[in-house]
Amino acid sequence: MLDQPEVANATFGLGARAFGHPGAGGSVGFADPEHDVAFGFVTNTLGPYVLMDPRAQKLVRVLGSCL
């Protein structure tokens with residue numbers, strides 16, 4: 001799945017070349033070849049999130065600020 005910045009809960013938030021997929025309950029994994037980085041977020045409970053968990057999106061924003 002490619003990044004979908006026009007959909008608030010379907011964006012990885014790093015760039016147009018990012019690709020990956022959200023999983024059940026808020027888990028997500030993706031890579032961004034432009035920034036040469038990969039990211040994984042897993043939870044120990046199933047949350048109500050269909051696409052990107054807001055906690056994961058916040059962590060990605062922090063990651064992006066470190067690049």
Side-chain angles (χ1 to χ4, degrees):
M1 181 172 129
L2 294 176
D3 192 53
Q4 299 177 51
E6 67 281 354
V7 181
N9 65 341
T11 183
F12 304 122
L14 287 183
R17 294 181 58 205
F19 64 93
H21 206 279
S27 297
V28 64
F30 74 89
D32 184 343
E34 184 176 332
H35 292 97
D36 198 29
V37 68
F39 177 87
F41 177 77
V42 296
T43 65
N44 61 358
T45 59
L46 290 177
Y49 309 106
V50 175
L51 292 174
M52 289 289 289
D53 185 319
R55 298 171 296 175
Q57 285 185 310
K58 184 174 182 176
L59 288 171
V60 174
R61 284 193 298 273
V62 171
L63 170 65
S65 70
C66 295
L67 297 175

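Just so we're clear, the structure is a prediction, and the values are computed from it rather than from any experiment.
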For residues 22-31, please give each side-chain donor-acceptor pair under 3.5 Å, one per line with the distance, not counting sequence neighbours.
none

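- Residues near M1 contribute nothing to a hydrophobic cluster around it, because no ILVMFWY side-chain heavy atom sits closer than 4.5 Å to its side chain.
- For the atom pair CG (L51) and NE2 (H21), the distance works out to 8.0 Å, reported to the nearest 0.5 Å.
- A18 approaches F12 most closely through the heavy-atom pair CB-CD1, 3.9 Å.
- For residues 46-56, the set of pairs meeting the salt bridge (charged side-chain N to carboxylate O under 4.0 Å, His left out) definition, not counting sequence neighbours, comprises D53-R55.
- In this view, P54 and Y49 satisfy the side-chain contact (heavy atoms from CB on, under 4.5 Å) rule, not counting sequence neighbours.
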Report all side-chain donor-acceptor pairs from residues 40-48 shorter than 3.5 Å, counting only partners two or more places apart or in another chain.
| from | atom 1 | to | atom 2 | distance (Å) |
| --- | --- | --- | --- | --- |
| T43 | OG1 | T45 | O | 2.6 |

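- For H35, the side-chain contact (heavy atoms from CB on, under 4.5 Å) partners two or more places apart in sequence, or in a different chain, are L14, D32, V37, L67.
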